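These notes concern the structure reproduced below.
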Amino acid sequence: MIVRPEATPAAALGPLINTLVGPRPIAWVSTVASDGTPNLAPFSYFNVAAISPTPILMVSQSLRGGSEKDTLTNVRATGELTICVVTEEVADVANATSGDWPAGIDEWDVVGVTPVPSEHVRPPRVGESPAAFECQLLEIVELGTPEQPSNSLILARVVAIHVDDALVGADGRVDASRVHLVGRMGGEDWVRTRDRFPMGRPGGADPDDVRARFNTR
Ligand SMILES: Cc1cc2nc3c(=O)[nH]c(=O)nc-3n(C[C@H](O)[C@H](O)[C@H](O)COP(=O)(O)O)c2cc1C
């Protein structure tokens, strides 16, 4: 089949694209409102945008019933966010912080996770998450059209990275096998990431060698 976005309702396009683009990592985003009210929510429209000289992460937030959600409002107001990683150990509690609740509701209090003060920004990190990025807002890119806004893409500069020492191996590096990251697939499906396999890139390999291995045309 072929799907033409302009002729397809969002209610069908979303599930299709979310099924085909995955697994998506999960950002557990902590922000504070200008009056200090804390907020916490998970996002799967999340990824790395740059590493050097400055690491940049990106998170995309959609509207809810035509209105901006709390995370975006808070990031616009304060320019700060803390992004915690979501592992198997915290997947269900991270999911629970996605409730459609009014701005006054403090998700930290609802689910009972532990706020640990950040060093450079006001939003705390979740003590139960084994790693977190303290971030400052770089830019917000508005997506959609003026008549029909859709998402706001938050580009965030990483100013500090916290890693639980339990994840660090004897060589001083983070041991990937200890970080039990989860991801989001289509619908309500999530995925574990323990089934890993290494694969080197071709780098400067002779294209004829690559052709001999793969190309049967
Ligand atoms: C696993 C998961 C991933 C989500 N990803 C996104 C996302 O990428 N963008 C988005 O706008 N909402 C996403 N949501 C929904 C938000 O978490 C939800 O709307 C939340 O209430 C927003 O909170 P806020 O109003 O406190 O910002 C996701 C929900 C879950 C459970």
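Counting starts at 1 for both ligands and their atoms, following the listed order. Being a predicted model, the structure only gives us computed values, none of them experimental.
- In terms of heavy-atom proximity, Pro38 sits nearest to Asp106 at CG-OD2, 3.5 Å.
- Close N/O approach between Ala41 and ligand 1 is not found [any backbone or side-chain N/O within under 3.5 Å].
- For atom 12 (N) of ligand 1, the closest non-hydrogen atom on the protein side is Lys69 NZ, 3.3 Å.
- Ser62 N, 2.8 Å is the protein heavy atom nearest to atom 11 (O) of ligand 1.
- Within ligand 1, counting atoms from 1 as listed, the ones closer than 4.0 Å to a heavy atom of Asn39 are 24 (P), 26 (O), 27 (O).
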Show me the donor-acceptor pairs within less than 3.5 Å that the side chains of residues 154-168 make with the rest of the protein, sequence neighbours left out.
unit_1 : atom_1 : unit_2 : atom_2 : d
His162 : ND1    : Arg125 : NH1    : 3.2
His162 : NE2    : Glu134 : OE2    : 2.6
Asp164 : OD1    : Ala166 : N      : 2.9

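- At a 4.0 Å cut-off, at least one heavy atom of Gly99 sits close enough to ligand 1 to count as contact.
- Listed for the Arg184 side chain is a donor-acceptor partner under 3.5 Å among the backbone atoms of Gly187.
- Atom numbering of ligand 1 starts at 1 in the shown order; those under 4.0 Å from a heavy atom of Arg184 are 1 (C), 2 (C), 3 (C), 30 (C).
- Here Gln61 has heavy atoms under 4.0 Å from ligand 1 in both its backbone and its side chain.
- In terms of protein heavy-atom proximity, atom 27 (O) of ligand 1 is nearest to Thr71 OG1, 2.6 Å.
- Protein heavy atom closest to atom 21 (O) of ligand 1, with residue, atom name and distance, is Arg64 NH2, 2.9 Å.
- Residue His120 comes nearest to Gln136 through the heavy atom pair O-NE2, 4.3 Å, listed as atom of the first residue, atom of the second, then distance.
- Side chains of Phe133 and Val85 form a contact here, defined as non-hydrogen atoms less than 4.5 Å apart.
- Judged purely by atom type and a 3.5 angstrom limit, Ser129 uses its side chain to pair as donor or acceptor with the backbone of Ala131.
- Checked against a 3.5 angstrom limit, the closest N/O atoms of Asn95 and ligand 1 fall outside it.
- With respect to atom 18 (C) of ligand 1, the closest heavy atom belonging to the protein is Ser98 O, 3.6 Å.
- What you find for Gly183 and Pro23 is that their closest heavy atoms are CA-CB, 4.4 Å.
- Residue Trp190 has no N or O atom closer than 3.5 Å to an N or O atom of ligand 1.
- Nearest approach of Pro123 to Thr82, heavy atoms of both residues: O-OG1, 2.9 Å.
- Of all heavy-atom pairs spanning Arg122 and Thr78, the tightest one is NH2-O, 3.7 Å.
- Listed here is the closest heavy atom pair of Pro15 and Ala10: CD-O, 4.1 Å.
- Among all protein heavy atoms, the one lying closest to atom 5 (N) of ligand 1 is Ser44 N, 2.8 Å.
- For atom 8 (O) of ligand 1, the closest heavy atom belonging to the protein is Tyr45 N, 2.8 Å.
- Of the polar atoms of Ser60, at least one N or O is found under 3.5 Å from an N or O of ligand 1, judged by distance alone.
- Close contacts between ligand 1 and Glu107 involve ligand atoms 26 (O) [criterion: under 4.0 Å to a heavy atom].
- Nearest non-hydrogen protein atom to atom 7 (C) of ligand 1 is Phe43 CD2, 3.5 Å.
- With hydrogens and angles ignored, the 3.5 Å screen pairs no side-chain donor or acceptor of Glu128 with any backbone N or O of Val113.
- At least one N or O atom of Pro42 sits closer than 3.5 Å to an N or O atom of ligand 1.
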